[in-house]
Trainee: 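Before I ask anything, let me first share the structure, which is written out below as structure tokens.
Being a predicted model, the structure only gives us computed values, none of them experimental.
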Amino acid sequence: AVVSTITSAELNAILPKVEGVNLNNEKAYQEYIDANPDSFATPATQAETQAMVTAVNVEVVAIATSDTVLTEIGTAANDADVTSSVTTAKLESIVPALTGVNAANESAYQAYINENADAFSSPATQAEIQAMIKAVNELQGSVAESDEVLKDIGADADSETEASEVTIEELGKILPA
């Protein structure tokens, strides 16, 4: 396999001009070319090259943003003097993309980060954050189920005409306070 050695200077020499060429991204441009040979004709066109530069620049920014969030989470988890203020929007900026991020659980995610230092590296990893989301979402679902059973028991107890229909299975869903 041929390894790309294209330079930013060479990209800047293409006419019509390829917009957004960034010297700091030169290695990423080379890696993109090597990883996506079917994205280019022989010779490559200006439009194909522009698409590559645009894609790489977007990816570089996304990775930098993700790295910042992972550092923030790792710091909050591992420094008792720092309280997590990570938002679901920040969680959604982590790459590779996380699944199951739920805006309703934002404060629960923050609490988990603050209370589970051993669950996170510094900086945190995407896999650690994905595990947190899964754990928090499962716990929040269990809390909702528990609350619903308690609500039903209270309503049954307040009713003078209806007998309680609570089941053993439902009682098993009640979480400790």
Trainee: Rounded to the nearest 0.5 Å, how far does CG of Asn24 lie from OH of Tyr29?
Mentor: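 Atom-to-atom, Tyr29:OH and Asn24:CG are 9.0 Å apart.
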Trainee: By side-chain contact (heavy atoms from CB on, under 4.5 Å), which residues pair with Thr125, not counting sequence neighbours?
Mentor: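 Listed in chain order: Ser121, Ala127, Glu128.
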Trainee: Would a distance-only check, ignoring hydrogens and angles, find a side-chain to backbone donor-acceptor pair under 3.5 Å from Asp79 to Thr75?
Mentor: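 The answer is no, because no donor-acceptor pair under 3.5 Å joins these two groups.
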Trainee: With a 4.5 Å limit on heavy-atom distance, are the side chains of Val53 and Tyr32 in contact?
Mentor: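 SC-SC contact between Val53 and Tyr32 ruled out.
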Trainee: Looking only at heavy atoms, what is the nearest atom pair of Ser8 and Asn22, with distance?
Mentor: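 What the structure gives for the nearest pair is OG-O, 3.8 Å.
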Trainee: Tabulate below the donor-acceptor pairs under 3.5 Å that side-chain atoms of residues 94-107 make, not counting sequence neighbours, or state none.
Mentor:
unit_1, atom_1, unit_2, atom_2, d
Thr99, OG1, Gln130, NE2, 3.3
Asn102, OD1, Ala104, N, 2.9
Asn105, ND2, Asn137, OD1, 2.8
Glu106, OE1, Thr88, N, 2.8
Glu106, OE1, Thr88, OG1, 3.4

Trainee: Search all heavy atoms of Tyr109 against all heavy atoms of Met132 and return the closest pair with its distance.
Mentor: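 Tyr109 and Met132 have their closest heavy atoms at O-SD, 3.7 Å.
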Trainee: With sequence neighbours excluded, what pairs up with Leu171 under the side-chain contact (heavy atoms from CB on, under 4.5 Å) test?
Mentor: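 With sequence neighbours excluded, Leu171 shows a side-chain contact (heavy atoms from CB on, under 4.5 Å) to Ile153, Val166, Ile168, Ile174, given in chain and number order.
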Trainee: Tell me yes or no: between the side chains of Asn57 and Asn25, is some donor less than 3.5 Å from an acceptor?
Mentor: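 Distance-only check passes for Asn57 and Asn25.
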Trainee: What is the distance from atom CD1 of Ile33 to atom OG1 of Thr5, rounded to the nearest 0.5 Å?
Mentor: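 With rounding to 0.5 Å, CD1 (Ile33) is 9.0 Å from OG1 (Thr5).
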Trainee: Could you tell me the separation between the CG atom of Leu11 and the CG atom of Leu23, rounded to the nearest 0.5 Å?
Mentor: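 Here the rounded value is 10.5 Å.
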Trainee: Might you point out which heavy atoms bring Ser93 and Ser66 nearest each other, and give the distance in Å?
Mentor: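 The pair with the smallest heavy-atom distance is O-CB, 3.6 Å.
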Trainee: For Ala76 versus Asn114, what's the shortest heavy-atom pair and its separation?
Mentor: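 Looks like O-OD1, 4.3 Å.
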Trainee: Closest approach of Ser4 and Asp34, non-hydrogen atoms and distance?
Mentor: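 Smallest interatomic distance, heavy atoms only, reads N-OD1, 2.7 Å.
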Trainee: Between CD1 of Ile113 and CD of Glu72, what distance do you get to the nearest 0.5 Å?
Mentor: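 Reported value, rounded in 0.5 Å steps: 8.0 Å.
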Trainee: What pair of heavy atoms forms the shortest contact from Gln140 to Ala108, and how long is it?
Mentor: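 Answer, listing the atom of Gln140 first, then Ala108: NE2-CB, 3.5 Å.
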Trainee: Is the shortest side-chain heavy-atom distance between Gln46 and Val18 below 4.5 Å?
Mentor: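 The answer is yes; the side chains approach within 4.5 Å.
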Trainee: Between Glu19 and Gln50 (side chain of the first, backbone of the second, donor and acceptor by atom type, cut-off under 3.5 Å), is there such a pair?
Mentor: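 No, Glu19 side chain to Gln50 backbone: no donor-acceptor pair under 3.5 Å.
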Trainee: Are the side chain of Thr71 and the backbone of Asp67 linked by a donor-acceptor contact shorter than 3.5 Å?
Mentor: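 Answer holds: yes.
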Trainee: Taking atom CD as the centre, does Glu59 end up with more than 12 heavy-atom neighbours from other residues, nucleotides or ligands that are less than 6.0 angstrom away?
Mentor: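 No, because the 6.0 Å sphere around CD of Glu59 holds 12 heavy atoms or fewer from other groups.
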Trainee: Between CD1 of Ile129 and NZ of Lys134, what distance do you get to the nearest 0.5 Å?
Mentor: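 Going from CD1 on Ile129 over to NZ on Lys134, the span is 15.5 Å.
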Trainee: At what distance, to the nearest 0.5 angstrom, does CG of Asn12 lie from OG1 of Thr7?
Mentor: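 Output value for this atom pair is 8.5 Å.
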